[in-house]
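Please read the structure below before turning to the comments.
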Amino acid sequence: MDCIPRDTPASRAANPLQQLSLEQLRRRTSMKWRAYPEDVLPVWVAEMDVPLAEPVTRAIRDAVELGDTGYPAGTVYAEALAAFARKRWGWDGIDVERTAIVPDVMLGVVEMLKLVSGPGDPVVVNCPVYPPFYMFAGNLGRTVVEAPLDVSGRIDFTVLEDVFGRVASGGARPVYLLCSPHNPTGTVHTAAELAHVARLAEAYGVRVVVDEIHAPVVPEGAVFVPYLSVPGGERGLSLMSASKGWNLAGLKAALALAGPAAADDLARIPEEVSHGPSHLGIIAHVAALRDGGDWLDAVLAGIDGNRRLLVDLLARHLPAVRCTPGQGTYLAWLDCRGLGLGDDPAAAFLERGRVALNPGSSFGTGGAGFVRMNLATSPELITEAVRRMATALD
Ligand SMILES: Cc1ncc(COP(=O)(O)O)c(C=O)c1O
């Protein structure tokens with residue numbers, strides 16, 4: 001099959017996803033590898049099975065050797081992200097004066113929601129969507145309102161406008177929590193779609209908070225458009241981070257960004273929020289953004305090969321599963337409704353196949369009968385995961 005990447009010593013050496021053995025991965029103590037017993041193959045939570053990019057390892061090692069483990073200072077994260085955005089997305093719109101460091105993307109989302117809404121206010125999400133959107137907004141006392149994506153995983157503007165119309169009445173301060181690119185579908189929203197969002201948000205008085213954590217994961221050939229760059233995006237608030245692109249979730253740091261018309265909102269962020277990110281985390285994220293571009297490209301090439309491999313494996317072993325892996329993520333959203341495993345196929349795959357995937361129903365309305373699979377691993381483990389899924393049907 002010419003669509004499947006060739007496996008040669010050179011291709012293995014160049015692919016960060018093929019550098020750690022299963023035995024090494026099982027020695028990890030992070031969530032992906034510790035939440036399930038040893039006989040379960042984990043392809044769920046968004047951690048990547050890669051060694052760190054060399055510039056990141058070097059930066060952390062230098063900091064540790066120097067004892068540079070104090071509090072974070074300055075705007076170095078914003079400067080590194082601004083340079084990355086210029087080079088990668090041709091976007092020159094990051095003004096360090098309109099940024100703030102936050103502990104991580106989800107806590108940053110919470111801080112942005114606090115700035116532009118109050119208790120009980122509606123937070124609109126495009127389900128199926130990253131489950132913590134429900135958890136964090138709910139825990140903050142906001143009311144999550146669903147605006148389902150259309151069947152192809154794109155924003156349904158008729159639905160969105162209808163929901164905006166409903167939440168805008170009654171004196172509330174509604175927020176649209178947009179996921180761009182979208183998790184779990186990997187949908188990369190176009191400039192026209194994002195401008196449409198901005199027009200609707202303006203018309204209905206809805207504030208837009210956009211989670212752009214997956215932006216660095218968008219491969220060449222697809223175009224990531226920062227929400228703050230589109231006409232009308234000036235009132236937006238965004239969260240960006242190196243954590244998904246370089247597997248740095250345990251090295252806590254992220255950046256909140258405000259468009260020019262939202263600068264006053266961001267300026268109200270309490271000073272103590274900036275005490276949350278780890279200084280070592282910022283050092284790691286900055287090294288990734290500044291010097292980790294080649295490594296990221298190598299990972300993206302590996303993920304692209306895994307997407308094609310997955311489609312081929314599903315066609316051969318689980319033809320009733322439908323999947324068109326999106327480009328803006330290393331996660332795959334699998335429609336398993338044709339398998340006859342009910343609303344929670346992940347439970348059957350776990351119990352009978354000993355493979356852990358995310359249950360689709362945790363992603364809100366539209367998720368029942370789906371599972372989310374993590375493709376940031378080796379082709380061997382993707383192959384083994386699909387084999388295990390197929391045995392659950394025996
Ligand atoms: C869309 C999205 N937002 C946020 C996060 C979590 O980011 P953080 O660990 O920086 O809170 C993830 C992790 O997978 C994600 O997919």
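Everything numeric in this text was worked out from a predicted model, so none of it was measured. One-based numbering, in listed order, for ligands and for the atoms of each. Any value given below was found using the heavy atoms of this structure, including those in side chains, with hydrogens, waters and symmetry copies removed.
- Applying the side-chain contact (heavy atoms from CB on, under 4.5 Å) test between P42 and each of K32, E47, R34, M31 identifies K32 as the sole match.
- Not a single N or O atom of K252, backbone or side chain, sits closer than 3.5 Å to an N or O atom of ligand 1.
- When all heavy atoms of G153 and L149 are compared, the closest pair comes out as O-CD1, 3.7 Å.
- Counting only N and O atoms by type, the side chains of H285 and Y77 include a donor and acceptor under 3.5 Å apart.
- Geometrically, ligand 1 and S241 share no nitrogen or oxygen pair separated by less than 3.5 Å.
- In terms of protein heavy atoms, atom 11 (O) of ligand 1 is closest to M106 N, 3.0 Å.
- Nearest heavy-atom pair across R173 and G118 is NH2-N, 3.8 Å.
- Annotation: the span from T158 atom OG1 to D150 atom CG amounts to 9.5 Å, rounded to 0.5 Å.
- Close approach of ligand 1 to C179 (heavy-atom distance below 4.0 Å) involves ligand atoms 1 (C).
- Atom CE of residue M373 and atom OH of residue Y330 lie 14.5 Å apart, to the nearest 0.5 angstrom.
- For atom 8 (P) of ligand 1, the closest heavy atom belonging to the protein is V105 N, 3.6 Å.
- Contacts with ligand 1 closer than 4.0 Å are made by side-chain heavy atoms of A46 only, the backbone lying farther away.
- Listed by number with element, the atoms of ligand 1 under 4.0 Å from a non-hydrogen atom of K244 are 13 (C), 14 (O).
- For P277 against P72, the heavy-atom pair with the smallest separation is O-CG, 3.8 Å.
- Aromatic pair Y71/H279: ring centres not closer than 6.0 Å.
- Between Y176 and F164, the distance from one ring center to the other falls under 6.0 angstrom.
- Ligand 1 lies nowhere less than 4.0 angstrom from a heavy atom belonging to A249.
- If you look at D211 next to ligand 1, the close heavy atoms, those under 4.0 Å, all belong to the side chain.
- Between F133, F136, Y330, Y130, it is Y130 that holds the heavy atom closest to atom 5 (C) of ligand 1.
- Numbered from 1 in the order shown, with element, the atoms of ligand 1 that lie under 4.0 Å from a heavy atom of I213 read 1 (C), 2 (C), 3 (N), 4 (C), 5 (C), 6 (C), 7 (O), 10 (O), 15 (C).
- Counting heavy atoms under 4.0 Å from ligand 1, residue N183 touches it through the side chain alone.
- Residue-level proximity to ligand 1 for A254 is absent, since no heavy atom of it falls below 4.0 angstrom.
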